Q: 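For reference, the structure I am asking about is given below.
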Amino acid sequence: MNSRSDILNEIEILKKKKNAIILAHFYQTGDIQDIADFVGDSLALSQKAASNDADIILFAGVKFMAETAKILAPEKKVLLPDMNAGCSLADSCKPEDFEKFIDANPGRTVVSYVNTSAEIKAMSDIICTSSNAIQIVESLPPDEKIIFAPDRNLGNYVLNKTGRDIVIWNGTCHVHEEFSLEAIIKLKAEYPDAKIIVHPECEMPVRMVADFIGSTSSLLSYTKSDASNVYIVATEAGIIHQMKKANPDKIYLPAPPKDSTCGCSECSFMKLITIEKIYFCLKNEKPEIYLDKEVILKAGKPIMRMMKISKKLGL
Ligand code: SF4
């Protein structure tokens, strides 16, 4: 195999031969999104993982996503092309520390964001994604006291929107935390007609200047239906690939990070996945995700609870 097109052809052949599908997150590079069978955000990918006929799921994303696929489809082989594709947010919430946090806040329902390890999910009552976090919290009785983990910015956003009694774990995402309010305002001065669209994992000052706040898939839908032509996009820059595909004539400006030299609007974990790694992973059927049976059972319950509510609400 010499050329890139040889690798892409070989991936297609392997997929058919092995009855495999590639699920890719919106934060993957454009070339990976283009070879995937399904591209989406965490909620859509979980729904897809739970309902497909493949024998093998190759997850082009990060480890907690591949684990979620394994929990939802334990009979399938779930592959992750690079086991170092972690998540700074998920890593900020270790099971031993989280157990102490739950013990220190007794009697609270534990709502965990999907960006957590399988062990944290197993300690939770219900899971949410950024697409359904508000609705999941609102589905609980109004007087129910809540722990929200692990993203403090999303937790704070949900608290403000719902007015519920919520204590929040102090975790952040290294991409969404890094956007600079000052640089966004400067960019807006250069493009006065631009709409600022923001993921709820961003800090409150950035959320406060937003024209629209939503999950990655909501931001994509917004740019499709909105009449504006320029957007300042405050989330991982990979989503711009889908925005451009949907409306190539519009302009999408990645929101600048605090450190202009760091390239922080790209997730370093997501970008560990490459076409070459996908090829070798499919060929060798490894690295594979393995989870303890008990963890799968325990973590599956709060995920299924979320999926039932999401289905009921048409999310
Ligand atoms: S963008 Fe942030 S939350 Fe998403 S995988 Fe990367 S580090 Fe984790």
Side-chain angles (χ1 to χ4, degrees), residues 23-30 32-33 36 39-46 49 59-69 78 80-94 98 111-121 124 127-133 148-158 168-180 197-203 206-207 213-220 233-243 254-259 262-274 277 289:
L23 303 185
H25 191 268
F26 282 137
Y27 297 169
Q28 291 291 294
T29 52
I32 293 176
Q33 293 186 37
V39 186
D41 65 3
S42 300
L43 177 61
L45 291 171
S46 300
F59 215 106
V62 295
K63 197 171 173 197
F64 76 79
M65 296 175 177
E67 284 185 348
T68 305
V78 177
L80 180 66
D82 189 329
M83 280 293 174
N84 292 316
C87 167
S88 61
L89 179 56
D91 289 348
S92 76
C93 192
K94 303 272 184 239
F98 196 49
V111 180
S112 293
Y113 192 25
V114 70
N115 300 32
T116 46
S117 66
E119 289 77 14
I120 296 293
K121 288 185 178 78
S124 306
I127 304 301
C128 70
T129 71
S130 53
S131 289
N132 63 20
F148 189 95
D151 190 85
R152 69 173 178 222
N153 294 319
L154 179 63
N156 180 273
Y157 175 69
V158 172
I168 301 167
W169 179 265
N170 190 20
T172 59
C173 155
H174 77 299
V175 176
H176 292 93
E177 178 88 342
E178 274 306 309
F179 293 118
S180 159
I197 58 172
V198 172
H199 192 280
E201 280 177 35
C202 294
E203 291 178 315
V206 172
R207 296 201 308 269
I213 301 173
S215 65
T216 315
S217 55
S218 313
L219 299 183
L220 174 61
V233 183
T235 190
E236 214 276 356
I239 187 61
I240 292 177
H241 181 68
Q242 294 296 329
M243 291 173 174
K258 290 170 191 157
D259 175 356
C262 75
C264 303
S265 59
E266 294 201 337
C267 173
S268 51
F269 300 106
M270 286 278 181
K271 268 45 180 189
L272 284 175
I273 309 297
T274 62
K277 286 180 190 171
I289 297 286

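What you see is a predicted model; the values in this text were computed from it and never measured. In listed order, ligands and their atoms are each counted from 1.
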Q: Once you round to the nearest 0.5 Å, how far does CZ of Phe98 lie from OG1 of Thr116?
A: 8.0 Å
Q: Which of the atoms in ligand 1, numbered in the order shown and given with their element, are less than 4.0 Å from a heavy-atom of Asn115?
A: 3 (S)
Q: Quick one: are His176 and Thr172 in side-chain contact, heavy atoms under 4.5 Å?
A: no
Q: Short list, please: which atoms of ligand 1 are under 4.0 Å from a heavy atom of Ser88?
A: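 Those of ligand 1 that fall under 4.0 Å from Ser88 are 7 (S).
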Q: With a 4.5 Å cut-off on side-chain heavy atoms, are Ser131 and Asp41 touching?
A: yes
Q: Pull out every atom of ligand 1 sitting under 4.0 Å from any heavy atom of His174, numbered as shown with elements.
A: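 Taking each heavy atom of His174 in turn, ligand 1 has 7 (S) under 4.0 Å.
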Q: Is the side chain of Arg207 donor-acceptor paired with the backbone N or O of Cys202 at a distance under 3.5 Å, no angle test?
A: yes
Q: Kindly indicate, with the supporting measurements, whether the criterion side chain to side chain contact (heavy atoms under 4.5 Å, CB included) is fulfilled by Glu236 and Glu201.
A: CA-CA 11 Å; Glu236 214 276 356; Glu201 280 177 35; over 6 Å; no
Q: Consider salt bridge (Lys or Arg N to Asp or Glu O under 4.0 Å). Of Lys63, Lys271, Lys277, which one does Asp82 pass it with?
A: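 Filter result, single survivor: Lys277.
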Q: How far is atom 8 (Fe) of ligand 1 from its nearest protein heavy atom, and which residue and atom is that?
A: Cys87 SG, 2.3 Å
Q: N/O/S of Cys267 less than 2.8 Å from atom 6 (Fe) of ligand 1?
A: yes
Q: Restricting to N/O/S atoms, is Cys173 within less than 2.8 Å of atom 2 (Fe) of ligand 1 or not?
A: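 So Cys173 does bind atom 2 (Fe) of ligand 1 by this criterion.
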Q: Check if Glu201 has a non-hydrogen atom at a distance under 4.0 Å from any atom of ligand 1.
A: yes
